[in-house]
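Here's the structure we're looking at; comments come further down.
Everything numeric in this text was worked out from a predicted model, so none of it was measured. Note on naming: letters A, B, ... go to the chains in the order of the sequence lines (proteins, then strands), and numbering restarts at 1 for each one.
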Amino acid sequence: MGNADLRDLAAIDEVPFDDLSGSVVAVDAHNWLYRYLTTTVRWTNDSIYTTADGEEVANLVGVVQGLPKFFEHDITPVFVFDGSVVDLKDDEVAQRREDREKREERLEEAREAGDELAVARLDSQTQRLTDTILSTTREALELLDVPVIEAPAEGEAQATHMAREGAVDYVGTEDYDALLLGAPLTLRQLTSKGDPELMDFEATLDEHDITWEQLVDAAILMGTDFNEGISGYGPKTAVKAVREHGDIWTVFEAEDVYVDNADRIRDLFLEPAVTDDYEFDREIEPDLEAARAFVCEEWEVAESEVERGFERIEQSVVQTGLDRWT
DNA sequence: CTAGCCTA
DNA sequence: TAGGCTAGG
């Protein structure tokens with residue numbers, strides 16, 4: 001059960017990067033990293049990103065190559081990291097474990113068969129956010145003076161909270177769940193080539209003439225990260241049912257369907273664990289020498305892989321620094 | 001309309 | 001992962 005159904009409900013528009021100039025984006029760090037890891041490592045030789053000790057640090061390449069995108073458009077990123085894993089994901093967790101085991105099996109087979117292309121591809125899919133990846137990312141961001149915030153639970157929920165409070169302008173994530181969490185404005189595709197997509201929460205509710213609670217209820221009927229969803233309920237049917245009957249409980253009653261733990265799932269979206277205990281500085285003054293040393297010397301990333309990224313950071317930060325005085 | 005399959 | 005296509009309700 002993907003979130004493709006949710007996309008159909010969402011009010012989404014393209015937004016030119018220029019319109020985002022001067023804004024602050026709370027980036028779902030795990031989501032961002034995961035995207036970089038799966039796209040950076042795919043099709044490439046992973047020895048470039050592996051230290052002599054066998055630690056995979058492709059994330060550092062991702063950080064150095066990914067940040068210029070923000071700086072060059074005068075956007076301040078604030079990276080929000082996940083805290084403890086949220087409960088109740090049993091189904092999803094079990095499914096992912098199953099998928100991963102399958103991939104690892106196939107990876108073994110490909111290795112034995114000497115199919116290098118398949119190995120590289122499967123390798124990227126088995127990538128996970130290891131402790132090393134998370135801690136080196138944090139440290140690299142700190143050296144580059146990019147704000148880092150620790151969420152009590154899900155980073156996406158914390159980022160959304162900050163956007164709802166007005167502490168940041170946008171949430172940055174590929175995940176449509178941000179809509180269910182009530183993120184007012186969500187930016188997608190911040191990592192890819194073209195202009196980003198803007199997902200508008202209020203416009204979404206307006207379009208379907210439903211409340212936040214009803215949107216969440218419809219999503220539960222269609223299926224979320226936390227539940228399977230009921231067969232036969234796509235975007236149209238789910239929204240219609242919720243609008244007609246009021247909420248998910250009356251839908252259960254009237255249409256003789258049921259989802260386990262619906263009340264708890266609802267709360268995960270409507271009242272997630274978040275904190276007001278955060279602060280950050282929008283001025284970014286990277287210590288490029290220290291960052292270079294950290295990435296290339298301490299973690300042995302080939303200079304050729306990050307040279308251009310560091311240059312772009314240097315230029316874009318100097319550039320925006322000058323802008324402020326003119 | 002939805003689900004499932006397939007491809008780019 | 002997104003979008004198109006199709007069978008089936």
Item to check | Spacing between A/Asp8 atom CG and C/dA2 atom P, to the nearest angstrom | outcome: 11 Å
Checklist entry - Should A/Tyr233 be listed as having a side-chain N or O under 4.0 Å from OP1 or OP2 of C/dG9? => result no
Checklist entry - Which whole-number value in Å describes the distance from A/Met199 CE to C/dA2 P? => result 11 Å
Item to check | Whole-Å gap separating C1' (B/dG4) and CE (A/Met222) | outcome: 18 Å
Checklist entry - Separation of A/Lys236 atom NZ from B/dA3 atom P, in whole Å? => result 14 Å
Item to check | Between P of C/dG3 and CG of A/Leu6, the distance in whole Å | outcome: 14 Å
Checklist entry - Between A/Phe252 and A/Trp249, how do the two ring planes meet: parallel, tilted or perpendicular, split at 30° and 60°? => result perpendicular
Next on the checklist: Check this one for me: any side-chain N or O of A/Arg188 less than 4.0 Å away from OP1 or OP2 of C/dA2?
Outcome noted: yes
Item to check | Closest nucleotide among C/dA2, B/dA3, C/dT1 to the A/Ser231 side chain | outcome: B/dA3
Checklist entry - Quick one: does A/Ser135's side chain have a donor or acceptor within less than 3.5 Å of a partner on A/Thr132's backbone? => result yes
Checklist entry - To the nearest Å, how far apart are A/Ile230 CD1 and C/dG9 C1'? => result 17 Å
Checklist entry - Checking A/Thr275 side chain against A/Pro152 main chain: does a donor-acceptor pair fall under 3.5 Å? => result no
Item to check | Atom-to-atom span, CG of A/Asn3 to P of C/dA2 - whole angstrom | outcome: 9 Å
Checklist entry - Expressed in angstrom and rounded to an integer, what is the separation of A/Asp5 atom CG from B/dT2 atom C1'? => result 9 Å
Checklist entry - Counting side-chain heavy atoms from CB outward, which of C/dT1, C/dG3, B/dC1 is closest to A/Thr237? => result B/dC1
Next on the checklist: Could you identify the nucleotide paired to C/dG9, looking across every strand shown and requiring Watson-Crick or G-U wobble geometry with both distances under 3.5 Å?
Outcome noted: none
Checklist entry - Backbone N or O of A/Glu174 within a donor-acceptor pair of the A/Asn31 side chain at under 3.5 Å? => result yes
